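Report on the following structure.
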Amino acid sequence: MGYGELIIRSYDPQYDRTRVEDFERKCEVGPAKRVFLFTDTLGDPICRIRNSPIYKMLVAELGNQLVGVIQGSIKLVTVHKPPNDLAKVGYILGLRVSSLYRRRGIGSSLVIKLEEWFIANDVDYAYMATEKDNKASVKLFVDRLSYVKFQTPTILVNPVSHRMSRISSNVELAKLKVEEAEAIYRKFMSSTEFFPIDIGNILRNKLSLGTWAAYPRGESWGGVPSSWAMLSVWNSGELFKLRLGNAPLSCLMYTKSSRLIEKLVPCVKLPCIPDFFRPFGFYFIYGVYREGPLSGKLVRTLCRFVHNMASKSKDCKVIVTEVGGSDTSRLHIPHWKSLSCPEDLWCIKAFKNEKKNSLHELTKTPPTRALFVDPREV
């Protein structure tokens, strides 16, 4: 049965907005036979890339039927041996193909078309992120499109409860001015992989709720404390909402019963799962950095502070953090193992000959530095 010619073109907000929004709402995110997340873009299908320096969305049509979408963004980052080595990178996200039209080459056609846009904009590398066990995505990018495995970050997810977390009286917390935070990030994190050169724009964005530092009480922040830590918070819930689907009945029953027990008998410390079955937002912690023997404790204190801040929000149900797979900060960030992903997968592809020659060294070098995860790409 023929479906007509596949047409891939740029997203037209006047014509495509409602169609893409409805398409995205029906497309689940997540591997088969597990729970799915459904996305509500709140009337703005390009919300996840709109804050990037350069961005584009493509749509695929068969006849008058919308059958696929993909998004991409471009920025300048540090790679391999910063700050001397800078690269323009293109990030691929939001690849969706209608379940009725899969295995017809639509996904690969969308990626190739987006790569053409990357090349036209002088991009050095393209990269994407997926779950390590997402076999369909890995097969498409690695086996068919010549991407190679680059990083395996850890995604940590911590639910937000109504109970306030205890903040140690031995720790001093300070909210940093944007200029101060930018200077510290450039000094201490500009040598990390994929550090965005426009970090100032990220910190000044209205979705960035601020940057906080923690250090031992009694010491001076201006005098370089013996131990210190810092992080920034991004309000992803202002961009889009998530909703859980395909969850087992036992999970639903536990969620409702635990919330009821918490209300009726607050002294019972039963872990309470938020209501993920209704649309919810989340905070994303980024730019986690620490130094000193007590810095792990300080990271944990900062995360508790963010939890207390999130608990005052009616919309925020979870706090998400993504760190490099070898970054020991993950040991100090509160999270639920059942909700987290121990190994996310980043894959990368070089477009220029000189970059292709260095790609082997880039991907095979053990990740000894922290990984900066851009909140605009969550």
Side-chain angles (χ1 to χ4, degrees), residues 5-13 15-17 19-21 23-24 27 29 39 41 44-62 65-77 79 87-99 101-131 134 136-151 194 196 198 239-240 344-353 355-356 359 362-363 373-374 376-378:
E5 180 184 0
L6 178 67
I7 297 176
I8 297 178
R9 58 173 176 79
S10 296
Y11 166 78
D12 181 344
Y15 177 68
D16 296 320
R17 183 183 65 80
R19 301 169 71 214
V20 173
E21 186 179 17
F23 180 81
E24 287 273 8
C27 287
V29 181
T39 305
T41 58
D44 183 12
I46 60 172
C47 62
R48 293 181 63 193
I49 55 175
R50 184 177 292 282
N51 291 286
S52 298
I54 307 174
Y55 57 87
K56 191 179 190 68
M57 172 183 267
L58 298 175
V59 299
E61 293 178 314
L62 281 174
Q65 183 72 28
L66 178 67
V67 297
V69 297
I70 195 172
Q71 301 180 45
S73 61
I74 298 174
K75 64 181 179 181
L76 192 64
V77 302
V79 293
K88 185 180 285 189
V89 298
Y91 181 57
I92 299 172
L93 72 160
L95 175 60
R96 309 273 192 271
V97 176
S98 172
S99 59
Y101 296 91
R102 290 172 185 168
R103 296 181 178 85
R104 301 179 186 274
I106 296 174
S108 57
S109 297
L110 281 165
V111 176
I112 291 171
K113 201 70 175 179
L114 188 63
E115 288 181 342
E116 293 175 359
W117 177 67
F118 286 156
I119 294 171
N121 281 274
D122 200 33
V123 164
D124 298 300
Y125 301 100
Y127 74 107
M128 51 74 67
T130 187
E131 288 189 345
N134 189 330
S137 183
V138 173
K139 183 177 181 180
L140 170 63
F141 283 93
V142 176
D143 297 345
R144 296 181 184 176
L145 298 173
S146 302
Y147 283 72
V148 294
K149 298 177 182 180
F150 172 46
Q151 294 272 357
F194 278 53
D198 65 334
L239 290 177
F240 59 93
D344 197 26
L345 177 63
W346 287 17
C347 298
I348 191 169
K349 179 179 181 178
F351 292 128
K352 300 178 181 178
N353 290 331
K355 299 300 181 181
K356 291 178 181 179
L359 187 59
L362 177 64
T363 56
V373 180
D374 194 329
R376 297 172 297 188
E377 297 174 351
V378 175

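Excluded from the calculations below are hydrogen atoms, water molecules and symmetry mates; all remaining heavy atoms, backbone and side chain alike, are included. Note that the coordinates shown come from a computational prediction; the quantities given were computed from them, not determined experimentally.
Residues Tyr55 and Leu93 form no side-chain contact, since every pair of their non-hydrogen atoms from C-beta on lies 4.5 Å or further apart. Counting only heavy atoms from C-beta outward, the side chains of Tyr91 and Ile49 never approach each other to under 4.5 Å. Taking 4.5 Å as the limit, every side-chain heavy atom of Gln65 sits out of range of all side-chain heavy atoms of Ser98. Residues Arg9 and Asp16 form a side-chain contact, since some pair of their non-hydrogen atoms from C-beta on lies under 4.5 Å apart. Between Leu145 and Ile112 there is a side-chain heavy-atom pair separated by less than 4.5 Å. With a 4.5 Å cut-off on side-chain heavy atoms, Val69 and Glu24 count as touching. Looking at heavy atoms from C-beta onward, Asp122 lies in side-chain contact with Lys352 at the 4.5 angstrom threshold. The shortest distance between side-chain heavy atoms of Tyr127 and Glu377 falls below 4.5 Å.
Here CG of Leu62 is found 6.5 Å from OH of Tyr101. Values are rounded to the nearest 0.5 Å. A distance of 11.5 Å separates CG of Leu239 from CD1 of Ile46, quoted to the nearest 0.5 Å. One finds the CD atom of Glu116 at 9.5 Å from the CG atom of Leu58 (value rounded to the nearest 0.5 Å).
For Phe194 and Phe150, the ring centers are positioned less than 6.0 Å apart. Checked against a 6.0 Å centroid threshold, the rings of Phe351 and Tyr125 do not count as neighbours.
Within 6.0 Å of the NZ atom in Lys355, the count of heavy atoms belonging to other residues, nucleotides or ligands exceeds 12.
No donor-acceptor distance shorter than 3.5 angstrom exists from the side chain of Lys149 to the backbone of Val142, with no hydrogens or angles considered. Counting only distance, with no hydrogens or angles, the side chain of Asp374 and the backbone of Arg376 share a donor-acceptor pair below 3.5 Å. Side-chain N or O atoms of Asp124 include none that pairs as donor or acceptor with a backbone N or O of Val89 at under 3.5 Å.
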(message) Please evaluate residues Leu6 and Val67 with respect to the criterion side-chain contact (heavy atoms from CB on, under 4.5 Å), reporting the C-alpha separation (whole Å), side-chain torsions for both, the decisive distance (0.1 Å), and the verdict.
(response) CA-CA 9 Å; Leu6 178 67; Val67 297; 4.2 Å; yes

(request) Walk me through it: do Ile348 and Val148 pass the test side-chain contact (heavy atoms from CB on, under 4.5 Å)? (result) CA-CA 5 Å; Ile348 191 169; Val148 294; 3.8 Å; yes

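When all heavy atoms are compared, the tightest approach of Ala60 to Ile106 is CB-CG2, 4.1 Å. Contact detail for Leu140 and Gly107: the closest heavy-atom pair is CD2-C, 4.4 Å.
Residue pairs meeting the salt bridge (charged side-chain N to carboxylate O under 4.0 Å, His left out) criterion with at least one partner in residues 46-60, sequence neighbours excluded, are Asp44-Arg50.
Residues satisfying the ring-ring contact (aromatic ring centres under 6.0 Å, His included) test with Tyr147, not counting sequence neighbours, are Phe141. Every residue two or more places apart in sequence or in another chain that forms a side chain to side chain donor-acceptor pair (under 3.5 Å) with Asn51 is listed here: Asn205.
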